[in-house]
Protein chains: 2
Amino acid sequence: MKILVVEDEPKTGIYLKQGLVEAGFVVDLVENGLDGLHLALTEAHDLAVLDVMLPGIDGWQVLQGIRRAGKDIPVLFLTARDQLEDRVKGFELGADDYLVKPFAFSELLARVRSLLRRGGKAKESEFLRALDLELDLLRRRVTRSGKRIDLTAKEFALLELLLRRQGEVLPRSLIASQVWDMNFDSDTNVIEVAIKRLRIKIDEGFEPKLIRTVRGMGYVLEITD
Amino acid sequence: MKILVVEDEPKTGIYLKQGLVEAGFVVDLVENGLDGLHLALTEAHDLAVLDVMLPGIDGWQVLQGIRRAGKDIPVLFLTARDQLEDRVKGFELGADDYLVKPFAFSELLARVRSLLRRGGKAKESEFLRALDLELDLLRRRVTRSGKRIDLTAKEFALLELLLRRQGEVLPRSLIASQVWDMNFDSDTNVIEVAIKRLRIKIDEGFEPKLIRTVRGMGYVLEITD
DNA sequence: CTTCAACTACCAGAATTTTCATGTCTCTCT
DNA sequence: AGAGAGACATGAAAATTCTGGTAGTTGAAG
């Protein structure tokens, strides 16, 4: 399996290549869009990994070029968190998947494999919703009633868990292991404190309240009118 | 497979039971050492999970009772981080494995399965060493030249990684993914900062220096005389 | 032997997360 | 209904971790 990687930042590019090679792929690495496009058109790759932000022509333009030439290989985009803003809509048109930096290498590998297996179109669902609360997984952003809400990493992870299992009462032990990785201790109240912070941000000033405490059981996010 | 759980704190006990039942085990849960011992002697369990700290007779005494009665079932101990101090040596005598709270439930499950599979004796190696630097995985403590050093969670994780792969140059990308879970960003210097903090704690005031920077490659922990 | 550029180190302020002490609520038992 | 216990909420300090800027080092190129 041969993969084309277009990434201008050498450090990142080298690590990408190294990791993919270790995983058993053949990798062509180039540092700018023009070379990338050229290589994509002259060589036969099974997949392309494109950084969006590239000097000269950007990843998006490279994709256009590839598609215009009639090549239908799956394309995985890499985007920095903030470059993303007004570009997202564009992705609908042609990218097969994207990853927001920073990401774990294992994540990249998983997506690459999934794209190769399924021959493209692996896009994940990008939003989680409950009423007027919306969580944008791609941009890692949250809004309620259209109003943007800034969450920290832990808060986001907690809310994501609650939203993914909407309606289920999640015991503390589950929350602890999911959001805090390690945990099975009882003499701490990190969870309560985190829930409180989250409530202040997503429930305070809004109706109805979405996070409910179930005494003796845990917490649920559910729509109670 | 039937498991005996002896845990006095109801919350923890219930979660343990719940989790183990979900994993397909039959679970007897009791809240004190005496009941635990009684049940262990009258019923046939395949494994026992004992909290060390119990009202009345403690986990250790329960184990003794079980062994005296000639029962040879594997025993997994649960210990709080600080109760551990002067008890550890005792474990050599009869416990098959132990887990320090707080721990991830998945961790417990893994150990339970391993004990059941191998029919006991799954003890992990508990120390990592390099010269006069010693890292005690069980107690999560570090000493250099006998002098105790307090490390934070991240510092510990970083040092553990360096020690486990002693002599290998670890590229930043590897460190980032191992210690920081998510990561593949270049515009951050968390790693440098963490290395610096770690150096201050384990290398400053000692000789030789153990952590070495390999320019352009990463960091190694190695013994250079 | 200089100079430059790329790395790495260092520092301090900011943000996040945890801990701890205390307050409030809810259920149970009388 | 009232007392007590356990569970949860709250607030604020403490600890940890991250960010961004600046300084120092090193190796390569001239």
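By convention in this document, chain letters (A, B, ...) are assigned in the order of the sequence lines, proteins followed by strands, and residues within each chain are numbered from 1.
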Inset, instruction - Identify whether any heavy atom of A:A153 sits under 4.0 Å from a base atom; if not, whether one sits that close to sugar-phosphate; answer base, sugar-phosphate or nothing. - result: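 It contacts sugar-phosphate atoms only.
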What residues, two or more places apart in sequence or in another chain, satisfy salt bridge (Lys or Arg N to Asp or Glu O under 4.0 Å) together with [X]?
{"X": "B:R199", "result": "none"}
{"X": "B:E134", "result": "B:R129"}
{"X": "A:E204", "result": "none"}
{"X": "A:D35", "result": "none"}

Could you state the [atom1]-[atom2] distance from [X] to [N], rounded to the nearest angstrom?
{"X": "A:R197", "N": "C:dA15", "atom1": "CZ", "atom2": "P", "answer": "15 Å"}
{"X": "A:I191", "N": "C:dT19", "atom1": "CD1", "atom2": "P", "answer": "12 Å"}
{"X": "A:K196", "N": "C:dT18", "atom1": "NZ", "atom2": "P", "answer": "17 Å"}
{"X": "A:I175", "N": "C:dT18", "atom1": "CD1", "atom2": "P", "answer": "14 Å"}
{"X": "B:M217", "N": "C:dC7", "atom1": "CE", "atom2": "P", "answer": "10 Å"}
{"X": "A:F156", "N": "C:dT17", "atom1": "CZ", "atom2": "C1'", "answer": "18 Å"}
{"X": "A:E192", "N": "D:dA12", "atom1": "CD", "atom2": "C1'", "answer": "17 Å"}
{"X": "B:L158", "N": "D:dT17", "atom1": "CG", "atom2": "P", "answer": "11 Å"}

Determine, for [X] against [Y], whether the closest basic-nitrogen to carboxylate-oxygen distance falls under 4.0 angstrom.
{"X": "A:R141", "Y": "A:D136", "answer": "no"}
{"X": "B:R164", "Y": "B:E160", "answer": "yes"}
{"X": "B:R144", "Y": "B:D203", "answer": "yes"}

Do the side-chain N or O atoms of [X] get closer than 4.0 angstrom to the phosphate oxygens (OP1, OP2) of [N]?
{"X": "B:W180", "N": "D:dC18", "value": "yes"}
{"X": "A:T152", "N": "C:dA15", "value": "no"}
{"X": "B:R172", "N": "C:dT8", "value": "yes"}
{"X": "B:Y219", "N": "C:dC7", "value": "no"}

Non-neighbouring partners of [X] that pass side chain to side chain contact (heavy atoms under 4.5 Å, CB included), sequence neighbours left out:
{"X": "A:A194", "value": "A:L158, A:W180, A:R197"}
{"X": "B:A23", "value": "B:F25, B:L109, B:R113"}
{"X": "B:E43", "value": "B:K2, B:D28, B:L39, B:H45"}

Legend entry - Residue whose closest nucleotide on DNA chain C lies nearer the 5' end, A:K154 versus B:R199: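 Here B:R199 is the residue nearer the 5' end.
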Inset, instruction - Nearest-nucleotide wise, let me know which of A:I195 and B:A194 is further upstream toward the 5' end of DNA chain D. - result: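 Its nearest nucleotide being more 5', the pick is A:I195.
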Legend entry - B/S/- contact track for nucleotides 19-28 of chain D, protein heavy atom under 4.0 Å: BBB---BBS-
Inset, instruction - Give me the residues of residues 203-213 of chain A where at least one heavy atom lies under 4.0 Å from an atom of DNA chain C, by number, or none. - result: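 Within this stretch, nothing sits under 4.0 Å of the strand.
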